[in-house]
Amino acid sequence: MRKYHYLILFLIGFVVVWPFVLRKLSIEWEKSTEAFGKRLETGLPGEESTGDWEETVSGNGTVSGNETVSGNETVSGNETVSGNEVLTEGAEEVGEHQEDEAEASGEELTPEEFFKDTLFIGDSRTMGLAEYADLGGAEVFANTGMNIYRLYSMKNAVRDREPWLEDILAKKQYRRIYLMSGINELGYDEAQTVKRFEEEVLKLKELQPEAEIILEANLHVTSERSEKEAIFNNEGIDRINDYIRQIAEKHGFSYIDVNEIFDDDTGGLTPEYTHDQVHVLGKYYQEWADWIRKNGI
């Protein structure tokens, strides 16, 4: 009977003590689990701890390098990003893409948008554009006596602009360059003029490799003026314009002819549009600039 008495006391003690034993084991297990988790975060003994994620996202999702990326960013190029910013390879490039998309969709751009990073080169007609048209801050290099032989030896006559073409071309990379030259070259040896024109255009492309080169047809004079002129007549202008068009086609440049908005049915400059039978009136230069912009050329 005494043997059973001890057994009963043992069972009672076991029932009383066992919950405390289970609690102790649970606490020890939690501590062990927490310690193991910390080891995973900080690295195992003998390995370097990386701490925060220190990798660069570049290209199309490739991860490499030691730069930091955090937040919910979109990344292009190989730049470091933090916060919630979206980076591209440059704000200017984004602007250009937006302008290209607008042009492709037929959306009409403002002068500031369309003529951004644009250079006009020419004679007195181009000076008129600078004086009377809204070119949105485009750079202009022009002089009344400008011709293809004197591009780099004649000073700019447009107010408050760089005096030398070479300095203008070295200053920045342009998106578009418009060149109108040819009428002041009438009277020179024609074959030599065409040869020189092609050489200068190719030099322009070499100095501005990323620019779209746009060669402009020379404006006609009135038919009345043309009939009186032995050299500066529309026959000669059409001939030099045709050579310029051929140069453009040969080298993949653009060619535009604004005579379509200024000519009358005789093929000469409309008399009502001019005061000297050679240059358009001031108000028509804006129509010229708008024609370029609306046609996206």
Side-chain angles (χ1 to χ4, degrees), residues 92 95-96 99 109-186 196-197 200-201 203-205 207-208 210-222 225 232 237 244 254 256-259 261-262 269 273-295 297:
E92 291 185 4
E96 290 177 7
E99 290 169 24
L109 300 176
T110 66
E112 289 74 17
E113 293 169 331
F114 185 85
F115 292 118
K116 180 183 178 182
D117 299 328
T118 293
L119 170 64
F120 285 88
I121 303 172
D123 51 36
S124 56
R125 276 80 173 272
T126 302
M127 286 191 65
L129 273 175
E131 183 71 22
Y132 297 106
D134 182 0
L135 299 179
E139 189 69 62
V140 181
F141 178 80
N143 193 304
T144 56
M146 187 67 66
N147 64 42
I148 203 68
Y149 296 98
R150 308 177 70 186
L151 285 180
Y152 296 95
S153 62
M154 198 169 201
K155 279 190 173 184
N156 197 357
V158 181
R159 294 194 302 266
D160 303 323
R161 302 297 177 99
E162 289 278 356
W164 303 107
L165 179 58
E166 191 171 9
D167 293 333
I168 292 174
L169 296 175
K171 184 170 62 175
K172 64 182 293 184
Q173 173 65 55
Y174 291 94
R175 289 186 64 203
R176 293 187 181 95
I177 299 178
Y178 293 85
L179 172 63
M180 175 181 280
S181 188
I183 192 169
N184 287 334
E185 291 86 330
L186 296 178
R196 183 64 175 270
F197 195 104
E200 294 297 350
V201 172
K203 179 180 179 180
L204 192 61
K205 184 61 177 177
L207 294 173
Q208 288 281 314
E210 301 302 318
E212 178 185 2
I213 306 297
I214 300 140
L215 305 183
E216 300 180 82
N218 292 273
L219 290 177
H220 290 139
V221 297
T222 64
R225 176 68 177 264
F232 297 97
I237 293 172
I244 293 170
S254 298
I256 60 174
D257 189 349
V258 73
N259 283 303
I261 67 171
F262 292 138
L269 179 60
Y273 291 176
T274 178
H275 66 90
D276 62 1
Q277 303 188 66
V278 176
H279 302 86
V280 296
L281 295 169
K283 63 182 179 180
Y284 293 111
Y285 283 103
Q286 186 60 54
E287 290 190 15
W288 180 353
D290 291 341
W291 176 81
I292 291 175
R293 182 167 51 86
K294 290 175 181 178
N295 286 280
I297 49 178

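What you see is a predicted model; the values in this text were computed from it and never measured.
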Point to revise | Derivation and outcome, side chain to side chain contact (heavy atoms under 4.5 Å, CB included), residues Glu212 and Arg175 | key: CA-CA 6 Å; Glu212 178 185 2; Arg175 289 186 64 203; over 6 Å; no
Check your understanding: Could you go step by step and tell me if Ile121 and Thr126 meet the side chain to side chain contact (heavy atoms under 4.5 Å, CB included) rule?
Key -> CA-CA 7 Å; Ile121 303 172; Thr126 302; over 6 Å; no
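Between Val278 and Phe232 the shortest side-chain heavy-atom distance does not fall below 4.5 Å. Side-chain contact between Thr274 and Thr222 is present, with at least one heavy-atom pair separated by less than 4.5 Å. In this structure, the side chains of Tyr174 and Ile168 come closer than 4.5 Å at one or more pairs of heavy atoms. The side-chain heavy atoms of Pro111 and Arg293, taken from C-beta on, include a pair separated by under 4.5 Å. His275 places a side-chain heavy atom less than 4.5 Å from the side chain of Leu281.
Using a distance-only test at 3.5 Å, with no hydrogens or angles considered, a donor-acceptor pair links the side chain of Glu185 to the main chain of Gly182. Under the 3.5 Å distance criterion, the side-chain polar atoms of Arg159 are left unmatched by any main-chain donor or acceptor of Glu131. A donor-acceptor pair under 3.5 Å is absent between the side-chain atoms of Asn143 and the main chain of Met146, judged by distance alone. The closest donor-acceptor contact from the side chain of Arg161 to the backbone of Asn156 lies at 3.5 Å or more, if one exists at all. Distance alone, capped at 3.5 Å, is enough to place a donor-acceptor pair between the Asn259 side chain and the Asn218 backbone.
Rounded to the nearest 0.5 Å, atoms CD1 (Ile297) and CD1 (Ile214) are 8.0 Å apart. In this structure, CG on Asp134 lies 8.0 Å from CZ on Phe115, to the nearest 0.5 angstrom. To the nearest 0.5 Å, atom CG of residue Leu119 and atom CG of residue Leu165 are 7.0 Å apart. In this structure, CD1 on Ile177 lies 4.5 Å from CG on Leu204, to the nearest 0.5 angstrom. Remark: Asn147 CG to Ser153 OG distance equals 8.0 Å, nearest 0.5 Å. Taking CZ from Phe141 and CE from Met154, the interatomic distance works out to 8.5 Å, rounded to the nearest 0.5 Å.
Taking a 6.0 Å sphere around NZ of Lys155, one finds it holds 12 or fewer heavy atoms contributed by other residues, nucleotides or ligands. Glu166 CD: 12 or fewer foreign heavy atoms inside a 6.0 Å radius.
Of the candidates Trp288, Tyr284, Tyr285, Tyr273 forms a ring pair (Phe, Tyr, Trp, His ring centres under 6.0 Å) with just one, namely Tyr284.
The cationic atom of Arg176 (NZ for Lys, CZ for Arg) lies less than 6.0 Å from the six-membered ring centre of Phe114 and within 45° of the ring axis.
Electrostatic pairing of Glu139 and Lys171 counts as a salt bridge here, judged by a charged N lying under 4.0 Å from a carboxylate O.
Shown here for Met180 and Ala217, the closest heavy-atom pair between the two residues is CE-O, 2.9 Å.
Legend: residues meeting side chain to side chain donor-acceptor pair (under 3.5 Å) with Gln173, ordered by chain and number and at least two apart, are Gln208.
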